[in-house]
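Here is the structure we will look at, set down as structure tokens.
Bear in mind that the values here come from a model prediction, so they are computed numbers and not experimental data. The chains referred to below are lettered A, B, ... by the order of the sequence lines, with proteins before strands, and numbering in each begins at 1.
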Number of protein chains: 2
Amino acid sequence: MSLDGPTMDERVPRDFETLRATILDRRESLPKRIAQIAAYALDNPDDIAFGTAASIAASAGVQPSTLIRFAQQLGFDGFTSLQQVFRERLRERNSSYDERLQALRAKAEGGAGHRAIFDGFVAAASTSLNDISRTLDDAHLEDAIALLAKAQTIYVLAKRRSYPVATYIAYALGKLKIRNQLIESAAGLNAEMISFATPADAVIAISFSPYAPATIEEARTISEQGVPIVAITDSAFSPLAQFAKVWFEVAEADFAGFRSLSATMALAMALTVGVGEKRRDAGRKRKA
Amino acid sequence: MSLDGPTMDERVPRDFETLRATILDRRESLPKRIAQIAAYALDNPDDIAFGTAASIAASAGVQPSTLIRFAQQLGFDGFTSLQQVFRERLRERNSSYDERLQALRAKAEGGAGHRAIFDGFVAAASTSLNDISRTLDDAHLEDAIALLAKAQTIYVLAKRRSYPVATYIAYALGKLKIRNQLIESAAGLNAEMISFATPADAVIAISFSPYAPATIEEARTISEQGVPIVAITDSAFSPLAQFAKVWFEVAEADFAGFRSLSATMALAMALTVGVGEKRRDAGRKRKA
DNA sequence: TATGGATTGGAATTATTATTTCATATTGCC
DNA sequence: GGCAATATGAAATAATAATTCCAATCCATA
């Protein structure tokens with residue numbers, strides 16, 4: 001180890017990636033316990049970010065002092081400054097996308113041409129896709145697909161902003177030869193359409209705040225008929241969630257007052273194609 | 001505030017979303033300084049996660065004791081337990097990212113569940129967004145917006161797979177109070193609708209291979225009436241391109257036989273909102 | 001405008017946590 | 001195998017941070 005005095009100008013890794021590289025680089029030459037905490041740090045960066053020296057040391061199976069020595073070997077003056085790097089990493093991961101969107105919003109407001117608007121919508125869509133990738137619950141997806149695959153007819157229920165998703169679902173179900181019924185408002189025959197649904201059918205209902213009253217009303221009616229509902233909505237407090245057998249929370253980023261639909265679309269397509277696959281599999285089994 | 005003894009079983013928000021909802025819910029009834037720190041907490045959740053009581057209090061412009069009172073009012077026994085919720089939020093956001101990667105790896109190895117389908121659609125959407133970001137021509141965007149902004153009525157023309165985009169455009173134009181007409185196939189009155197269009201109007205037409213014959217036919221008719229067309233399509237050889245004053249080439253990635261719509265949607269929204277802005281600006285100028 | 005209760009600020013206190021120290025163990029080298 | 005250098009464990013200490021307490025202030029109400 002360097003024994004230079006306080007004048008030495010050793011480079012201290014300031015960002016996580018550099019730090020990671022440094023650790024990996026020196027891995028071979030580290031003493032046993034230090035190597036142990038080094039491995040732990042790279043495997044559990046979140047724990048380093050939030051834990052106390054004592055708790056981290058315990059999880060990693062070393063003494064707190066070892067943790068501090070580890071930090072010092074890397075050029076930090078203590079555990080606390082090492083921890084800063086791990087915290088900064090978490091902070092940046094989360095903020096980068098949001099900040100980008102905010103910057104774009106500001107640019108668009110400042111009248112920076114229409115390209116800025118376009119970029120904003122692209123960014124909003126990307127953000128939404130990222131979010132849903134992280135938050136979607138696999139089990140819910142399986143449940144929803146199982147439920148829909150059993151249905152004789154799939155009713156698709158959505159108005160206004162969510163309506164495009166409904167039309168796409170209806171289109172895709174049609175292409176997959178799955179019987180479905182889009183509940184449109186145009187002809188004013190919704191009540192009759194809904195009355196045909198039975199517990200052997202199923203519903204995909206989509207609604208976001210501010211929830212279209214008609215969608216909520218129709219969802220209530222149809223659920224009272226015993227028809228199971230799969231809902232796509234934006235919060236646990238959504239009125240749709242309470243009628244649904246399975247519901248998905250989708251948080252879409254917005255830009256210029258319009259929310260993205262990209263996450264909802266991806267989920268909708270996954271449901272649709274998932275149902276198609278499940279039916280095909282079931283069909284094969286029955287024949288065999 | 002409740003003065004019940006320690007036996008009371010008040011529900012303490014354990015996850016960030018519940019906490020957020022609780023704060024929003026009580027917002028009105030909170031004392032001034034507490035409300036101040038509440039607002040700060042929701043606006044700067046990362047600071048709460050990482051800061052110390054003193055540093056946070058300073059940033060929010062209150063005393064540390066106020067911060068603790070805030071936590072206690074929410075049912076926590078101190079700042080520390082409140083902070084846990086904010087930390088958990090960051091941790092989850094972050095860890096699920098890793099989990100996603102692991103899930104993808106698992107999928108590659110063994111029997112792909114329905115999650116794989118979902119990931120596929122997300123990937124297709126992301127790819128499409130990336131592509132269009134790179135390839136979109138700013139000048140075309142400006143031209144198209146200028147053309148549409150002058151129109152008395154904007155006709156929106158799309159069938160089948162592109163139809164969801166058309167409905168979203170119509171919805172957004174409506175919200176922006178821009179006169180528009182969606183050309184639907186349902187009522188079979190398309191020919192009449194189209195015949196009303198004049199050169200003072202404009203059309204947004206959307207069609208991808210295999211081009212819906214009806215869309216092409218209607219686009220031809222309407223362009224022969226001298227109505228300018230903005231087209232969104234997938235190739236220079238598209239029949240739509242030849243009728244259009246301005247056209248965009250959008251390459252959407254596909255998955256499981258269904259193409260993404262995310263890029264088309266982003267472009268459609270940019271056009272719509274761009275027109276809205278241009279109109280507003282023009283309106284201001286005219287008044288001045 | 002006087003009065004009681006709630007709210008707030010700021011310092012004192014307590015708790016927690018990082019760091020240091022030193023005795024002990026381990027390792028590499030002659 | 002013995003010696004020096006290095007590494008490690010455990011407890012003491014120092015630093016930092018959370019919490020509490022009390023006086024001052026604000027606010028509603030009579």
Just the rounded figure in Å: distance from C1' of D/dT6 to CG of A/Leu30.
14 Å
Using a 3.5 Å cut-off and no angle test, enumerate the donor-acceptor pairs between side-chain atoms of residues 56-65 of chain A and protein atoms at least two apart in sequence or in another chain.
| residue | atom | partner | partner atom | Å |
| --- | --- | --- | --- | --- |
| A/Ser59 | OG | A/Ser55 | O | 3.0 |

Verify, without hydrogens or angle tests, whether A/Glu88 (side chain) and A/Phe16 (backbone) share a donor-acceptor contact under 3.5 angstrom.
no
Sorted by chain and number, sequence neighbours left out, salt bridge (Lys or Arg N to Asp or Glu O under 4.0 Å) with A/Asp143 holds for none
Excluding sequence neighbours, so at least two apart, what forms side-chain hydrogen bond (donor to acceptor under 3.5 Å, both in side chains) with B/Tyr171?
none
Describe the nucleic acid contact of B/Leu67 in one word from base, sugar-phosphate, nothing, applying a heavy-atom distance below 4.0 Å.
nothing
Just to verify, what does A/Glu142 make a salt bridge (Lys or Arg N to Asp or Glu O under 4.0 Å) with, not counting sequence neighbours?
none
Could you check whether B/Phe50 and A/Phe50 have their ring centres less than 6.0 Å apart?
yes
Spacing between B/Phe70 atom CZ and C/dT8 atom C1', to the nearest angstrom
16 Å
Salt bridge or not for A/Asp46 and A/Arg89, using N-O below 4.0 Å?
yes
Could I get a table of every N or O pair under 3.5 Å where one atom is in the protein and the other is in nucleotides 24-28 of chain C?
none

Is any side-chain heavy atom of A/Ile206 less than 4.5 Å from a side-chain heavy atom of A/Phe248?
no
How close or far is atom P of C/dT7 from atom CD of B/Gln36, stated in whole angstroms?
15 Å
Verify the contact: side-chain N or O of B/Gln63 to OP1 or OP2 of C/dT8, cut-off strictly under 4.0 Å; return yes or no.
no
Please give, in whole Å, the distance from D/dC26 C1' to B/Arg33 CZ?
12 Å
When rounded to whole Å, the CZ to P distance for the pair B/Phe76 and D/dT19 reads 12 Å
What does the B/S/- profile of nucleotides 15-21 of chain C look like, 5' to 3', with a 4.0 Å heavy-atom cutoff to protein?
--SSBBB
